[in-house]
Structure formats: C-alpha cells, structure tokens
Amino acid sequence: MLAELKKRIIDGQVHEVFSVPRILVVDDEPLLRDSLRDILLQNGYEASAARNGRDALVQIARQHFDAILLDLFMPDIHGTEVLDFIARRGLDTPVIVVSGDDSVDSVIDALRGGAQDFLRKPYQPDEMLKRVGNVIQRRRLELENRSVLQQMEQSEKWHRFLVNSSPDFIYTLDCEGRFTFVNDRVESLLGYKHDELLGQHYTAVIFDDDDFTHAQYVFNERRTGKRASRYVELRLKCKDCSRSNGSEGRILVVELNAIGMYEQPDNKFASRYLGTYGVAKDISERKKAEETIHYQAYHDLLTGLPNRVLFKDRLNLAIAQARRNSEMFAVMCLDMDHYKVVNETLGHDVGDELLLAVTARLHGCLREGDTLARMGGDEFCLLLPQISGIEVVGNIAEKVTVALSKPFHIDHRELFATVSIGVSLYPADGETGDSLIKHADIALYHAKTCGRDNCQLFHMGMNVPLSNRLSLENDLRHALERNQLVAYYQPQVDLKRGYIVGFECLIRWQHPVRGLVSPAEFIPLAEETGMITAIGKWMLNTACQQLKIWKTQELPPVRLAINISPRQMEQPEFVQNILDALHQHDLDQGVLEVEITENLIMKDVERTVEKLKQLSASGIKIAIDDFGTGYSSLNYLKKFPIHTIKIDQSFIADIERDGDTSIVTAIIAMAKGLHLNLIAEGVETENQLAFLRKMECDEIQGFLLSEPLTAQAATTMLIENITPLALFAGR
Ligand code: C2E
Ligand code: MG
Ligand code: MG
C-alpha cells in the first residue's frame with residue numbers, strides 16, 4: 001500500500017508534498033512505544049515517539065505528522081486532551097486511539113473528540129499496520145479530492161471571468177426561449193441588471209417587428225456546428241428604449257452567433273435539447289462608420305443635402321413613378337448669381353455660410369416629397385414630382401425669388417443672393433434623367449444671359465444659343481483684329497450748371513451678322529476667356545485718341561470714364577499702361593476716370609488699393625460704378641482714394657417705380673459727408689431728375705439726356721454743348 005502511495009505521490013496526483021508518511025507514537029509504556037515505533041520503521045514509515053501526553057503536545061506543535069497513534073490513558077495528560085489540542089489547532093492529522101479500555105463510552109468519547117479509528121490493546125502488528133495504512137490512504141484521498149475541487153473552482157472562476165469580461169453579450173436560453181444565463185456585459189450593453197433578464201423571454205430585447213422573423217430564427221437555434229446561425233445582424237432593444245415621450249431610445253446593433261445546446265454535445269441526436277447558446281457582438285460603432293461612409297457618398301458635406309449621385313437616383317425613381325402613373329414632374333437647376341465674387345472677395349468661410357443660409361431658405365420653399373440637392377459649387381437642383389401644371393413650377397420659382405430677396409447677414413455684412421433658374425419638364429423636355437438635367441441646365445444658361453435673377457423654362461429653341469455661345473467666342477477672338485469694336489459715349493451732365501462735364505465710354509461690338517452686340521452679351525465672355533485685357537487696352541487707347549481729337553479741336557475739356565474689369569486690374573502693368581496711354585496722347589491725367597465696382601476692390605484689397613493710390617497720385621480719377629449693389633459699405637470705402645460714386649440705376653428706377661427714395665437719399669447723404677462727386681446713373685424721367693436736383697446730386701447720366709452716342713454724335717453734342725438739361729435748367 002505504501003509503495004502504491006509513493007507511486008501516486010511521484011505521479012504528482014497528491015499535491016501536498018510529503019515523501020514518507022511520518023507517524024507519531026504516543027504511549028507512556030516504553031516497551032509498547034518502542035516496539036510500535038520499530039514495527040512502523042521496519043514497514044517504511046518514518047516514526048517518532050512521545051513518552052507522555054505533554055511530550056506529544058510539544059511534538060505536534062513543532063511538526064507535521066501524517067498520522068498519530070495515541071494512547072488514551074497516560075499519567076500526565078489524558079489522550080482526549082491531546083485530541084482537544086489537535087482540534088483546537090485546526091489540524092487535520094488523523095489520529096488512531098490505542099487503548100486497553102474497550103468500554104463503548106471511551107471509544108465513543110475518543111471518536112467524538114476527533115479520532116479516526118480505534119485500536120484495542122493488545123493488537124496484532126498487521127492489524128495496526130492495516131489501520132495506519134487505511135487512515136493515511138483516506139487522508140490522501142481527501143487531499144486529492146480537495147485539490148481537484150480547488151482546481152475545479154479555480155477553473156470555473158476563470159471561465160466565469162473570461163465570459164464576463166468578454167466584450168460581447170453572451171447568454172443561454174432554455175427550450176422555451178427564456179434567459180438562463182447572461183454575462184455581466186449585459187449591463188453595459190443593454191442596460192439590464194444581470195438578474196433582471198434572467199427568466200425573461202428573449203422577445204424582451206427584440207427591437208421591433210422588422211427584426212422579429214430574423215430574431216426568431218436565431219434565438220431558437222437548434223443547429224450546431226457550421227450550420228448554426230452566424231453573423232446575423234439584429235437590432236436589440238436597450239432597457240431604456242421606450243421613453244416617456246414615445247421617442248425611440250437606444251438601440252444596440254449586434255452580430256449574433258448562436259448554436260443549440262445538448263446534454264451530450266457530441267451526440268445531439270441521442271441527447272436532450274437544452275436550449276440555445278449565443279454570443280452577440282456589439283457592431284454599433286461599425287454600423288455608424290458604415291452609415292457615415294454611405295451618407296458621405298450620397299450627400300454634400302457642407303449643406304447635408306443629397307449630392308449629384310443621390311439626386312440622379314431620385315430622378316430615376318421619379319421617372320419610373322411618373323411613367324407608371326402618367327404624371328408630370330419638373331427638374332429645376334438653380335445657380336446663385338455672382339457667388340464666385342462672394343467667394344473670391346470675402347473668402348470661402350463667408351461663401352460657405354452664404355450657401356448654408358441660402359440652402360435653409362430654399363428648404364422653406366419646398367413641398368413634402370420635393371428633393372433639393374447640391375450639385376456642386378453654387379449649383380442646386382430641385383426635383384418637383386407630381387406637378388399638376390406649369391403654374392406650380394412658376395409658383396415655386398416665385399417663392400424661391402421672394403425667399404432670397406431679403407438680405408443675408410453674415411459676418412457683420414449684409415449680403416444679397418439671387419438665383420438664376422432653369423426648368424425642364426418630364427416628359428416634354430426629356431425622358432431620361434440626363435436629358436432632363438441637361439435641358440434644365442440650358443434653360444439656366446439662358447436665365448443667366450437674360451440678366452440673371454430670373455427663371456427660364458426650357459424649349460427646344462434654346463439648344464441653338466448654346467452652340468451660339470461657342471461661335472460667339474470664336475468671333476470675339478477676331479473682333480479686335482477685324483476692327484469690329486466700337487466705343488460709344490454717354491454724356492454726364494453737371495446738374496447745377498447744365499453742361500456736359502464728361503462721357504462714359506461704353507463698348508459695342510459691330511458684329512458682321514448679328515449687328516450691334518451689347519457689352520452685357522460679350523463682356524462676361526471676354527472676362528471668362530481672358531480676352532478682356534486686350535479689349536480693355538483697346539478701349540483705353542480709343543478713349544485717349546478721342547480725348548486727343550477733342551483737345552486738338554479745342555473743345556471744352558471733358559472727362560472720359562472707362563470701365564475696368566477685375567482681370568484688367570490684376571495685370572501688373574495695369575497702372576503703367578494707363579499712364580503710358582495718357583503720355584503717348586499728350587493728355588492731362590485729370591481727364592481720365594476709371595470706373596470700378598465695389599466687388600473688384602474687395603477681391604484683393606491690398607493690391608487693388610496700392611494700384612488705386614498710384615493712379616490717384618497721378619491725378620487719375622476713380623469712380624465706384626453700380627454703387628449699392630456690391631458687398632462693401634461706403635464706410636469701408638472711405639479708406640480708398642475715391643472721387644466719384646455712381647449710384648446704381650436700379651435705385652434710380654425705384655424712385656419712379658414705387659417712390660422709394662430711401663436708399664438714394666442715404667447714399668447721397670453719405671457721399672456728401674465724404675465729399676465725393678455723385679453721379680446718378682440711368683436717369684430716364686423728369687421725376688427722377690427733379691428728385692435728384694432737389695437732393696443736390698452732382699451729376700446725372702441716362703436716357704433722359706442722351707443714350708450712348710457714336711464718337712461723331714458725341715462730338716457734335718460737345719461742340720454745341722447744349723443738352724436737353726440746359727433746356728430743363730431754364731424751367
Ligand atoms: P455700366 O458701366 O453701369 O454702364 C451703364 C449702362 O447703363 C450702359 O449699358 C448704358 O447704356 C446703360 N444706361 C445708360 N443710361 C441708361 C438709362 O437711362 N436707362 C437704362 N435702362 N440704361 C441706361 P451698356 O452700354 O449696355 O453697358 C453695360 C455694362 O457693360 C456697363 O455697365 C459696364 O459694366 C459694361 N461695359 C461697357 N463697356 C465696357 C468696357 O469698355 N469695358 C468693360 N470692362 N465693361 C464695359
Ligand atoms: Mg460704368
Ligand atoms: Mg453703372
């Protein structure tokens with residue numbers, strides 16, 4: 001037995017380290033004690049002896065024994081007191097009581113006191129060895145058991161730890177679909193306390209009916225292995241989901257793997273189904289990222305509006321629906337007028353804010369079901385499904401115009417934004433998305449050329465002018481060398497004295513086929529293509545030649561004003577060109593005025609101001625054209641070397657149209673405060689004239705006095721220097 005024990009010890013089955021069992025023999029009879037010890041030693045035990053009870057206590061306190069043979073009756077201390085001592089110390093050393101007293105009471109007492117066995121004197125050595133072997137074996141088994149139990153406890157703790165610290169929600173359900181286990185993660189993911197969910201049916205965590213069929217499948221999974229449910233996407237409902245206000249609460253998007261559980265997992269056919277085991281992985285973050293990517297692919301990031309791709313998608317849907325129901329719908333292309341100027345002069349931040357503000361106002365004009373998309377830059381597209389007639393489109397265009405008519409307040413500035421609109425209709429103007437957009441775009445181009453801020457409906461005739469534009473561009477390239485450009489001169493008259501004090505030079509293009517083309521038609525094209533610098537130079541020289549002719553004819557000295565485009569101003573040699581032209585023609589600097597717009601100044605304030613200062617220092621006058629329509633304020637402009645303000649004709653027209661004189665009055669007051677020369681443009685009626693005279697406006701220009709004239713007609717008028725105003729002056 002001992003040999004077997006040793007073997008097991010060596011095999012490592014018993015964890016407590018003891019090599020040879022050590023036995024203590026406690027007996028006051030020396031003969032018996034020694035013989036007992038000798039037998040034990042001979043049988044491979046390690047044996048110690050205690051002469052009496054006290055000696056026994058000392059030895060027990062000092063070292064560990066694997067078993068004790070204890071005499072009960074000893075002269076100093078009774079064996080039961082030794083048992084007490086062992087019990088008090090919490091030692092689990094097995095004790096075999098050896099006694100000559102075989103009364104039942106003493107045996108019971110000893111066993112109650114913690115003894116493991118009883119051996120009556122006199123005994124046979126074999127009997128004694130058998131008993132000793134037994135207690136040691138029992139103790140060994142106990143130790144083994146304890147160790148296995150500890151291992152199991154440790155392993156269970158370890159598994160529990162792993163399951164609970166998993167980032168996933170892990171659960172088991174019984175056959176009826178009720179939770180029998182949920183890991184701790186349930187609290188942070190679903191908001192349930194561990195115990196709240198136990199016993200509940202899995203439907204408690206299903207988000208809504210849409211997920212129900214899917215959920216049913218996975219939560220009742222009976223299959224195992226490869227066929228079991230894997231990566232099933234589901235929405236789970238968190239505990240705080242149904243809020244008092246009825247709004248949707250938190251949802252957890254998970255990817256669920258589930259398998260059936262069986263009594264004998266290896267043989268599920270022969271064993272009982274216990275329920276389902278599942279692991280739900282939180283994929284909310286991944287979903288969010290996917291949604292963001294999806295959103296970005298179909299939306300414009302600045303405004304949050306659908307982008308071109310999504311718009312086309314909606315357009316195709318609208319076509320399918322309209323075809324099915326024989327309906328009509330409209331595509332509206334909207335382009336902000338002069339947005340480029342805002343961006344370039346005030347910066348992209350202001351440009352972006354203006355776009356956002358415009359988007360918000362456009363939104364206010366939409367019906368439910370309409371789609372507003374940003375196609376890029378300042379271009380929007382509007383899809384108006386199910387329209388009953390063309391008047392609906394007109395109404396919406398009108399609504400848009402009205403909505404944008406009020407100024408925008410951005411970055412302490414007052415900005416105005418108008419849009420040009422082109423419209424195409426399904427099915428009349430196209431039956432595919434691309435043709436509808438293309439035709440709305442052509443109509444938009446027409447709206448732009450018709451002076452912007454208006455709406456044009458596509459018609460087939462419009463296809464022509466687009467190709468026209470190309471030929472116009474080609475023709476314009478030859479206009480200069482073929483001498484087709486002509487300067488016209490519109491008189492500017494001093495209101496007090498009634499005499500012509502200057503002319504504005506206005507360009508015309510004598511086109512061989514089209515006739516006299518107005519600058520409104522080709523100046524934007526010349527600006528776009530860069531031809532404006534050559535044209536501007538031509539105008540400068542023509543104006544100087546004309547001044548020289550008048551000087552030679554000794555006519556009264558007058559001022560000539562020329563219009564300057566932003567691109568001309570950008571030329572590094574801009575100032576020098578003007579000075580050279582005046583010098584070449586032997587002219588005074590004071591006879592030339594350059595007209596620039598507010599936006600031109602704002603475009604590159606520092607460099608522009610530098611050039612304006614150089615011009616002004618040389619005696620050349622500077623006028624702000626179309627004043628009041630740009631993005632600057634007079635206050636701001638007072639920093640610049642300006643001589644003249646030209647009040648825009650739209651304000652002069654207001655005087656006549658609705659008697660609104662407030663802006664003109666304000667501009668006149670401000671200009672006077674800054675001692676600037678004031679010219680009112682576009683004066684067409686006596687009413688306007690009377691008002692301007694009353695306001696003591698310095699000069700006027702307009703059809704009332706004269707339209708722009710050829711050089712010859714202007715010369716005649718100058719020679720006579722009799723203007724209609726001179727006639728009015730007398731009245
Ligand atoms: P602008 O400089 O504001 O010129 C005034 C415009 O108003 C001219 O149009 C003129 O004919 C028109 N006008 C004058 N009096 C009246 C009136 O009583 N009623 C109305 N309704 N209109 C009046 P135009 O000649 O067609 O020129 C248009 C614009 O083209 C000019 O506006 C100017 O910005 C530009 N432009 C003209 N010539 C040149 C040029 O040589 N170079 C550059 N860069 N631009 C030019
Ligand atoms: Mg002008
Ligand atoms: Mg003007």
Side-chain angles (χ1 to χ4, degrees), residues 1-10 13-14 16-53 55-57 59-74 77-147:
M1 180 176 286
L2 191 63
E4 190 202 336
L5 241 180
K6 274 185 181 169
K7 182 181 172 298
R8 289 196 177 198
I9 291 165
I10 290 162
Q13 291 181 9
V14 177
E16 196 171 278
V17 181
F18 56 92
S19 47
V20 178
R22 185 186 296 149
I23 318 289
L24 177 66
V25 179
V26 187
D27 207 314
D28 57 324
E29 283 176 46
L31 270 175
L32 202 64
R33 188 174 66 224
D34 293 344
S35 83
L36 208 52
R37 194 188 56 192
D38 291 346
I39 297 168
L40 288 167
L41 285 171
Q42 281 158 18
N43 280 278
Y45 291 102
E46 205 178 277
S48 309
R51 324 184 277 288
N52 52 32
D55 189 15
L57 297 188
Q59 292 208 43
I60 292 166
R62 227 182 251 158
Q63 62 179 309
H64 168 79
F65 292 100
D66 297 304
I68 298 171
L69 283 163
L70 177 64
D71 183 23
L72 272 187
F73 296 102
M74 289 176 291
I77 292 176
H78 193 270
T80 49
E81 281 182 61
V82 178
L83 281 170
D84 272 358
F85 177 79
I86 290 171
R88 273 203 310 278
R89 291 221 145 193
L91 301 173
D92 58 357
T93 313
V95 177
I96 302 170
V97 169
V98 187
S99 173
D101 178 2
D102 55 356
S103 70
V104 176
D105 283 353
S106 65
V107 175
I108 289 174
D109 273 357
L111 292 176
R112 271 203 191 128
Q116 299 269 312
D117 206 350
F118 182 81
L119 192 63
R120 197 173 56 217
K121 289 181 192 175
Y123 47 78
Q124 292 295 315
D126 283 353
E127 175 67 11
M128 182 275 292
L129 284 172
K130 194 175 149 198
R131 299 285 180 92
V132 170
N134 278 346
V135 291
I136 287 181
Q137 169 79 344
R138 204 182 307 142
R139 161 121 175 92
R140 187 190 60 77
L141 286 174
E142 271 173 22
L143 283 177
E144 264 186 4
N145 275 347
R146 204 180 298 160
S147 156

Taking side chain as C-beta onward, heavy atoms only, is [X] less than 4.5 Å from [Y]?
X	Y	value
Leu70	Ile96	no
Arg131	Glu127	yes
Glu144	Arg139	no
Gln116	Asn134	no
His78	Glu81	yes
Val82	Ile60	yes

What's the shortest heavy-atom distance between [X] and [Y], and which atoms?
X	Y	value
Phe65	Ile23	CD2-C, 4.0 Å
Ile68	Val26	CG2-CG2, 4.0 Å
Gly114	Leu83	C-CD2, 4.2 Å
Arg33	Asp27	NH1-O, 2.7 Å
Tyr45	Gly133	OH-CA, 3.8 Å
Val97	Ala110	CG2-CB, 3.7 Å

- Message: Counting only heavy atoms from other residues, nucleotides and ligands, does the tally under 6.0 Å from CD of Gln63 exceed 12?
- Response: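 Atom CD in Gln63 is crowded, with more than 12 foreign heavy atoms closer than 6.0 Å.
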Is a salt bridge present between [X] and [Y], judged by a nitrogen-to-oxygen distance below 4.0 Å?
X	Y	value
Arg138	Glu142	no
Arg146	Asp92	yes
Asp66	Arg22	no

[atom1] of [X] to [atom2] of [Y]: how many Å apart, nearest 0.5 Å?
X	Y	atom1	atom2	result
Asp55	Ser48	CG	OG	10.0 Å
Leu111	Asp117	CG	CG	7.5 Å
Leu36	Leu119	CG	CG	8.5 Å
Arg37	Leu24	CZ	CG	11.0 Å

- Item | Steps toward side chain to side chain contact (heavy atoms under 4.5 Å, CB included) verdict (Val132, Leu69) | CA-CA 8 Å; Val132 170; Leu69 283 163; 4.1 Å; yes
- List in chain and number order the residues that pass salt bridge (Lys or Arg N to Asp or Glu O under 4.0 Å) with Asp28, two or more places apart in sequence or in another chain; answer none if no residue qualifies.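 For Asp28 there are no salt bridge (Lys or Arg N to Asp or Glu O under 4.0 Å) partners, ignoring immediate neighbours.
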- Task: Please check if any side-chain donor atom of Gln59 sits under 3.5 Å from a side-chain acceptor atom of Arg62, or the reverse.
- Result: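 Arg62 and Gln59 do not have a side-chain donor-acceptor pair below 3.5 Å.
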- Message: Set out, in order, the CA-CA distance, both residues' side-chain angles and the distance that settles side chain to side chain contact (heavy atoms under 4.5 Å, CB included) for Asn52 and Ile77, then state yes or no.
- Response: CA-CA 7 Å; Asn52 52 32; Ile77 292 176; over 6 Å; no
- Message: For Val95 and Ile86: C-alpha separation, side-chain torsions, deciding distance, then whether side chain to side chain contact (heavy atoms under 4.5 Å, CB included) applies.
- Response: CA-CA 9 Å; Val95 177; Ile86 290 171; 3.7 Å; yes
- Walk me through it: do Phe118 and Val98 pass the test side chain to side chain contact (heavy atoms under 4.5 Å, CB included)? CA-CA 6 Å; Phe118 182 81; Val98 187; over 6 Å; no
